[in-house]
Amino acid sequence: MQSTDTPLLTSLRSPRVVAARRLARRNQRGKDRRFLAEGPQAVREAVAYGRLPGSAEHAVVEIYLTPQALERHADIADAARAAGLPLLTATEEVIAEICDTVTPQGVVALCRFIDTPFEEVLAARPRLVAVLANVRDPGNAGTVLRTADAAGADAVVLTDASVDPYNPKAVRASVGSLFHLPFATGVPIEEAVAELRAAGVRVLAADGAGERDLDQELDEGTLGAPVAWVFGNEAWGLPEETRALADEVVRVPIHGHAESLNLATAAAVCLYASARAQRSPGGCRTRPQER
């Protein structure tokens, strides 16, 4: 049954629908400082965790659901009402017009930008940071955000040459992690490295051509200190000038016959190695075998 607090959107020409659809374009997202979070899991996390940095104001502007989704995902509707967030029902045609996916799941949230200024990331004295340098694939960017969240990282930094984290594919790939941890955008790589190092964070460039490998870092106990991992472009990795900025260039050892690891997998290995070291006495340093 249609709830009285959820007016039904039926027209594809509705100003709300037209404005939401325009957010598929990066320049419009930047102008409006709005983006869309699609799917029940992303919207659920947006309702539960979405806050503007340094503010109690909620990131969610309003939520659109089909009548079927409203019934199927009653927990989202209940949480949204409890938070005082507007709910609107919409036809499947309207949801399809708004969404970027071919087969929408009937739930979309209109959200305000939630990125954190880089200086605030530094002020929080982070111990584990992922830096995306010239990462262009939105799916990879969103997956690294999700991985950093899972590994307990303190922040993600996207350089000015990287993809927009509010790209619909990036938001979907983050599966709600976009709302869990601070991330800064548009930071020049030189500034990111210099400021992180000044904040006492060791900067490691992840690259298959590194002279040191991850096993050495773990065995020597050097990953227990605050660290920022710099990950490069999916196709060509990190250029020499970026590698030169780092304290060390570290490769993930390939013990089998694979030519390399993709960006998201390499990021997962490096971030989890650091997370493990930071939670272990001696930074995971190899102990002498007992005799």
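Between the side chain of Arg127 and the main chain of Gly224, a donor-acceptor pair closer than 3.5 Å is present. Checked by atom type and distance alone, the side chain of His58 never pairs as donor or acceptor with a backbone atom of Ala83 at under 3.5 Å. Between the side chain of Gln105 and the main chain of Pro40, no donor-acceptor pair closer than 3.5 Å is present. The backbone N or O of Leu132 sits less than 3.5 Å from a side-chain atom of Thr159, completing a donor-acceptor pair.
For the pair Ala37 and Val43, the tightest heavy-atom approach, listed with the atom from each and the gap, is O-CG2, 3.4 Å. Listed here is the closest heavy atom pair of Thr116 and Pro53: OG1-CG, 3.7 Å. Here the closest heavy-atom approach between residue Ala141 and residue Val163 is recorded as CB-CG1, 3.5 Å.
The hydrophobic clustering, which links ILVMFWY residues whose side-chain heavy atoms are closer than 4.5 Å, places Leu263 and Leu214 together. A single hydrophobic cluster is seen to contain both Ile254 and Leu218, as judged by linkage of ILVMFWY side chains at heavy-atom distances under 4.5 Å, directly or through other members. Hydrophobic clustering (ILVMFWY, side-chain heavy atoms < 4.5 Å, transitive): Leu261 and Leu238 are in distinct clusters.
Summarising the geometry, atom CD belonging to Gln28 is positioned 6.5 Å from atom CG belonging to Leu23; distances are rounded to the nearest 0.5 Å. Residue Phe231 holds its CZ atom at 12.0 Å from OG of Ser162, rounded to the nearest 0.5 Å. Interatomic distance, CG of Asp160 versus CD1 of Ile189, reported as 9.0 Å (0.5 Å rounding). For the atom pair CG (Asp154) and CG (Leu181), the distance works out to 8.5 Å, reported to the nearest 0.5 Å.
Using a 4.5 Å heavy-atom cutoff, the side chains of Asp215 and His255 are in contact. Side-chain contact between Val156 and Val131 is absent, with no heavy-atom pair separated by less than 4.5 Å. Counting heavy atoms from C-beta outward, Leu88 and Leu65 have side chains that stay 4.5 Å or more apart. Residues Leu158 and Val135 are not in side-chain contact: their nearest non-hydrogen atoms beyond the backbone lie 4.5 Å or more apart. When side chains are defined from C-beta on, Cys270 counts as touching Val252, because their heavy atoms get closer than 4.5 Å. Inter-residue side-chain proximity for Thr185 and Pro165 is flagged as met; some heavy-atom pair is nearer than 4.5 Å. Two residues are said to be in side-chain contact when any heavy atoms from C-beta on lie closer than 4.5 Å; Leu12 and Val94 meet this criterion. No side-chain heavy atom of Val61 sits under 4.5 Å from any side-chain heavy atom of Leu85.
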(request) In sequence, state the C-alpha distance, the side-chain angles, and the governing distance for Thr147 and Leu271, and then conclude on side chain to side chain contact (heavy atoms under 4.5 Å, CB included). (result) CA-CA 8 Å; Thr147 301; Leu271 291 170; 4.2 Å; yes
(request) Step by step, work out the salt bridge (charged side-chain N to carboxylate O under 4.0 Å, His left out) result for Arg146 and Asp149. (result) CA-CA 5 Å; Arg146 182 183 184 185; Asp149 178 22; over 6 Å; no
(request) Might you work through the side chain to side chain contact (heavy atoms under 4.5 Å, CB included) test for Arg112 and Phe35, ending with a clear yes or no? (result) CA-CA 6 Å; Arg112 300 177 179 90; Phe35 71 102; over 6 Å; no
(request) In sequence, state the C-alpha distance, the side-chain angles, and the governing distance for Trp229 and Leu128, and then conclude on side chain to side chain contact (heavy atoms under 4.5 Å, CB included). (result) CA-CA 8 Å; Trp229 284 98; Leu128 181 56; 4.2 Å; yes
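Between Phe179 and Tyr49, the distance separating the two ring centers is not shorter than 6.0 angstrom.
Side-chain atoms of Arg29 and Asn27 include no donor-acceptor pair closer than 3.5 Å. Remark: the Thr222 side chain and the Glu217 side chain contain an N/O donor-acceptor pair separated by less than 3.5 Å. Side-chain atoms of Thr265 and Asn262 include a donor-acceptor pair closer than 3.5 Å.
When each of Arg22, Arg16, Arg21 is tested with Val18 by the rule side-chain contact (heavy atoms from CB on, under 4.5 Å), just one qualifies, namely Arg22.
With respect to the salt-bridge test (charged N to carboxylate O, under 4.0 angstrom), the residues Asp247 and Arg197 qualify. With respect to the salt-bridge test (charged N to carboxylate O, under 4.0 angstrom), the residues Glu211 and Arg251 do not qualify.
Taking the six-membered ring for Trp and thresholds of 30 and 60 degrees, Phe113 and Tyr166 have nearly parallel ring planes, at less than 30 degrees apart.
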Could you give the side-chain donor-acceptor pairs of residues 95-102 under 3.5 Å, partners two or more places apart or in another chain?
residue	atom	partner	partner atom	Å
Asp100	OD2	Arg172	NH1	3.2
Asp100	OD2	Arg172	NH2	3.3
Thr101	OG1	Glu38	OE1	3.1

